[in-house]
Engineer: 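Take this structure first; my questions come after.
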Amino acid sequence: MTGFLGQALLYIVPFLLVLTFIVTIHELGHFLVARAFGVKVDRFSIGFGKTIVARTDKHGTEWRLAWLPLGGYVKFSGDLDASSVPDQAGLAELRQRVIAENGPGAERDYFHFKPIWQRALIVAAGPAANFLLSMVLFTLLFSVVGEQISPPRVYQVAPGSPAAEAGFRPMDMIRSVNGRPVFESAQVTNTVILSAGDPLTFVVDRGGRDVTLVATPARRIEQDELAGRVRVARIGLVLAPLQSDVRFRRLNPVEVAGKGIETIGRTVATTGTYIGRIFTGKESGDLLSGPIGIARAAGGVTQQAVAANPDPGFMAANLALTFISFAAIVSIGIGIVNLLPIPVLDGGHLLFYGYEAVARRPVPARVQEVGYRVGLALLAGLMLFATWNDLQKLSLFKFLGGLA
């Protein structure tokens with residue numbers, strides 16, 4: 001029982017800490033921009049359920065800590081339901097009540113009566129806060145550890161693989177993929193993963209001369225130490241640079257900021273490409289993860305950080321840096337998901353505001369109601385699909401990294 005409890009804590013506690021921190025920053029983005037525009041806020045809650053401690057500030061906002069640490073929320077004054085669905089009849093009643101209680105003009109302090117551009121900025125501020133958080137975390141990470149560049153040198157070619165059929169050889173140095181220069185192994189791996197069934201043209205340096213090779217990635221099942229069992233596109237290469245290939249450099253503040261922006265941009269582009277391939281039928285969505293997958297990854301990075309070195313000082317530093325990196329990546333993911341044009345999510349609100357800006361009238365109440373029901377169904381379906389993926393990935397066999 002102790003072992004099971006220990007494993008549960010190892011996975012659940014880091015997951016809850018990371019998720020609550022990131023969602024709190026997301027909601028803080030909504031809150032700060034709303035406060036800047038003079039929107040009245042009833043409550044800012046960290047966690048859900050029964051209140052542990054609460055305090056009301058001079059603006060009348062209740063700040064509370066709840067017992068269920070699964071994120072948090074911000075409640076604007078006048079919100080008619082949990083999704084802030086602006087039902088027209090309810091808004092008319094709210095406007096009359098506010099004016100009756102506080103006089104004409106008081107309604108301007110309520111979110112739903114703000115100009116559309118302010119409402120759009122308030123909604124967009126949540127995902128923007130996630131990207132800003134990632135930027136800060138990556139900047140901190142690169143400031144501390146610098147940058148290690150590991151060029152994509154071929155260490156091993158799997159017999160009978162697409163790479164073997166294309167003519168790859170050990171010691172080849174990959175210079176470009178589909179005409180794009182590559183400088184690190186991760187660039188090659190990411191391109192291969194997102195190209196199942198699509199021929200890729202590689203230019204490799206072989207003993208000082210350029211050789212052009214064409215290989216088509218094929219999906220295979222393998223076990224990742226963090227993600228679990230996954231189906232992923234590979235061409236059958238193990239990439240491992242020589243010691244003389246690896247370069248390490250310290251970054252100045254401008255380079256650190258640039259590296260952080262580059263990392264976020266690359267992550268967003270990779271995620272967007274993968275989602276696009278799902279909708280076009282080129283990917284099955286196996287790599288999508290839900291809460292179980294995030295919890296598994298959180299526990300995995302915790303185990304790796306603890307096992308890297310038993311020295312308490314090194315262990316603490318390694319844990320901190322590992323969680324900074326992990327939180328930055330998860331924050332990007334949450335920002336992207338919230339921008340999907342699905343009613344209930346921030347992207348769905350922005351979609352409705354876009355219609356309102358063009359048509360100069362809100363989306364009809366009936367359309368919004370149907371949209372939110374469909375959005376809830378889509379979101380529930382997405383969560384169920386991601387959870388099913390997570391359950392399918394839970395198996396027990398080892399995986400060696402550095403593959404392409």
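All values reported here derive from a predicted model rather than from experimental measurement.
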Engineer: Are K259 and E255 close enough for a salt bridge, meaning some N to O gap below 4.0 Å?
Structural biologist: no

Engineer: Dump the intermediate steps for salt bridge (Lys or Arg N to Asp or Glu O under 4.0 Å) on K40 and D109, then the final yes or no.
Structural biologist: CA-CA 6 Å; K40 291 185 64 176; D109 293 337; over 6 Å; no

Engineer: Got a sec: does the CZ of R360 have more than 12 other heavy atoms crowding it under 6.0 Å?
Structural biologist: no

Engineer: Give me the one residue out of F111, Y110, W117 that meets ring-ring contact (aromatic ring centres under 6.0 Å, His included) with F37.
Structural biologist: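 That would be W117; it is the only one of F111, Y110, W117 passing the ring-ring contact (aromatic ring centres under 6.0 Å, His included) with F37.
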
Engineer: With a 4.5 Å limit on heavy-atom distance, are the side chains of T189 and R234 in contact?
Structural biologist: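 Yes, side chains in contact.
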
Engineer: Heavy atoms, side chains only, cut-off 4.5 Å: are H59 and V41 in contact?
Structural biologist: no

Engineer: Quick one, H26 and P127 - any side-chain contact, counting heavy atoms below 4.5 Å?
Structural biologist: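 Counting from C-beta outward, H26 and P127 do come under 4.5 Å.
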
Engineer: Is it true that atom CZ of R247 has more than 12 heavy atoms of other residues, nucleotides or ligands lying nearer than 6.0 Å?
Structural biologist: no

Engineer: Could you check whether atom OH of Y355 has more than 12 heavy atoms from other residues, nucleotides or ligands sitting under 6.0 Å from it?
Structural biologist: yes

Engineer: Give the C-alpha distance, both sets of side-chain angles, the deciding distance and a yes or no for side-chain contact (heavy atoms from CB on, under 4.5 Å) between I174 and L237.
Structural biologist: CA-CA 11 Å; I174 301 174; L237 293 179; 4.1 Å; yes

Engineer: Could I get the full list of side chain to side chain donor-acceptor pair (under 3.5 Å) partners for Y73, not counting sequence neighbours?
Structural biologist: R43

Engineer: Look at the side chain of R206 and the backbone N and O of D172, then say whether any donor-acceptor pair between them is shorter than 3.5 Å.
Structural biologist: no

Engineer: Hey, does P362 have a side-chain heavy atom less than 4.5 Å from the side chain of E356?
Structural biologist: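 In contact.
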
Engineer: Under 3.5 Å, is there a donor-acceptor pair linking the side chains of T191 and R180?
Structural biologist: no

